[in-house]
Amino acid sequence: MYVQLKQRDMRRPPVNVSTLARMKKEREPIACLTAYDASFARLVDRSGVDLVLVGDSLGMVIQGHDTTVPVTVEDIIYHSRHVARALTHAFLVADMPFMSYSEPEQALDNAVRLMQEGAAMMVKLEGGEGQRRIVEHLARHDIPVCAHIGLRPQSVHKIGGFKVHGRDPSQAERMVTNARRLEEAGADVVLLECVPNELGKAIAEQCRVPVIGIGAGPDVDGQILVLYDMLGITQGPVPKFVRNFITAADDPLAACEAYVQAVKSGEYPAPEHCFS
């Protein structure tokens with residue numbers, strides 16, 4: 001039993017949900033990155049990252065689509081199982097793609113596939129109050145859940161593009177309420193994307209679970225970036241919150257280590273990466 005854990009480097013025990021909760025309590029910033037294959041996953045894991053996300057961002061950075069919408073459950077399973085083979089320390093989260101969780105039973109079936117076939121330890125789904133019953137259903141079946149609010153890339157066609165959310169006071173208030181209700185429904189982590197600093201801070205203070213930010217300011221419990229963005233691989237414009245860590249590093253591993261250190265020390269995100 002637990003043979004796979006005995007085979008890991010126990011000098012750095014594997015991160016789990018309890019680890020993340022403890023890090024929030026102790027105010028230790030959580031460093032997160034995406035990964036989509038075994039080679040990069042091994043590099044990211046060695047760098048000291050706490051959490052790895054197999055994001056549906058692979059639709060854009062791997063598959064070349066303009067949005068994440070075309071990504072399928074099979075795509076995520078394929079990439080997640082390869083990433084899982086390379087991790088010894090980081091906690092593995094897999095995205096639930098567009099329309100793969102529109103009803104509770106559908107969501108449960110797909111979450112089970114992501115965990116059984118893709119070896120994910122947690123699933124991430126986008127949505128606010130409307131996804132509360134989905135989160136409740138998954139949590140009732142002991143599926144760890146990350147709830148993604150703020151900018152939701154899967155809804156890009158509905159919201160009219162990639163833009164900052166929560167600048168309007170009433171919208172900001174709704175987002176704080178949604179975060180709390182998703183936590184009450186059973187979410188173990190909240191991911192917050194593209195919001196003003198003050199809103200990121202408010203949500204992190206209101207939630208007992210860790211709040212991971214991407215473009216959510218310096219006062220959340222952790223940071224995540226798309227690996228290809230922070231390594232300068234992505235061509236063309238990148239979001240304001242992205243910092244290129246390869247420019248001052250000798251190689252990709254050093255860049256990832258610099259990212260982890262910058263998150264842990266509070267150096268990243270700097271004011272130029274934030275929204276007001």
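- Every pair passing salt bridge (charged side-chain N to carboxylate O under 4.0 Å, His left out) that includes a residue from residues 97-116 is listed here, sequence neighbours excluded: Glu74-Arg113, Glu103-Arg133, Arg113-Glu117.
- Judged as a ring-ring contact (aromatic ring centres under 6.0 Å, His included), not a single pair has a partner in residues 191-210 (not counting sequence neighbours).
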May I have the step-by-step check of side chain to side chain contact (heavy atoms under 4.5 Å, CB included) for Gln63 and Asp75, ending in yes or no?
CA-CA 10 Å; Gln63 298 175 339; Asp75 290 335; 3.2 Å; yes

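- Of the possible donor and acceptor atoms, none in the side chain of Tyr101 sits under 3.5 Å from a partner among the backbone N and O of Val135.
- We find the CZ-CG distance between Arg167 and Leu199 to be 11.5 Å, quoted to the nearest 0.5 Å.
- Glu272 contributes no side-chain N or O that, together with a main-chain N or O of Phe241, makes up a donor-acceptor pair within less than 3.5 Å.
- Checked against salt bridge (Lys or Arg N to Asp or Glu O under 4.0 Å), Arg181 has the following partners two or more places apart in sequence or in another chain: Glu129.
- Remark: Glu184 engages no residue in a side-chain hydrogen bond (donor to acceptor under 3.5 Å, both in side chains) (not counting sequence neighbours).
- For Glu205, the salt bridge (Lys or Arg N to Asp or Glu O under 4.0 Å) test picks out no residue, with sequence neighbours left out.
- Every side-chain hydrogen bond (donor to acceptor under 3.5 Å, both in side chains) that Thr234 has, sequence neighbours left out, goes to Asp229.
- Criterion: ILVMFWY side-chain heavy atoms under 4.5 Å apart, direct or through other members. Under it, Val69 and Tyr78 are not part of a common hydrophobic cluster.
- The ring-ring contact (aromatic ring centres under 6.0 Å, His included) contacts involving residues 180-231 comprise Tyr36-Tyr228, Phe40-Tyr228, where partners must be two or more places apart or lie in separate chains.
- A distance-only check finds a donor-acceptor pair linking the side chain of Tyr259 to the backbone of Cys32 [under 3.5 Å].
- For Glu267, the side-chain hydrogen bond (donor to acceptor under 3.5 Å, both in side chains) test picks out Arg243, with sequence neighbours left out.
- Listed by first then second residue, pairs satisfying ring-ring contact (aromatic ring centres under 6.0 Å, His included) with a partner in residues 111-141 read His137-His141, not counting sequence neighbours.
- Pairs of residues two or more places apart, or lying in two chains, that qualify as salt bridge (charged side-chain N to carboxylate O under 4.0 Å, His left out) and include a residue from residues 39-63 are Arg12-Asp45, Asp50-Lys264.
- Among residues two or more places apart in sequence or in another chain, the side chain to side chain contact (heavy atoms under 4.5 Å, CB included) test is passed with Thr247 by Asn244.
- The closest donor-acceptor contact from the side chain of Thr34 to the backbone of Leu227 lies under 3.5 Å.
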Let's go through Leu33 and Leu225 carefully: what are the C-alpha distance in whole Å and the side-chain angles of both, what is the deciding distance for side chain to side chain contact (heavy atoms under 4.5 Å, CB included) to 0.1 Å, and is it a yes or a no?
CA-CA 5 Å; Leu33 284 171; Leu225 284 176; 4.1 Å; yes

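- Listed for the Glu26 side chain is no donor-acceptor partner under 3.5 Å among the backbone atoms of Lys24.
- For Ser102, the side chain to side chain contact (heavy atoms under 4.5 Å, CB included) partners two or more places apart in sequence, or in a different chain, are Met99, Gln106.
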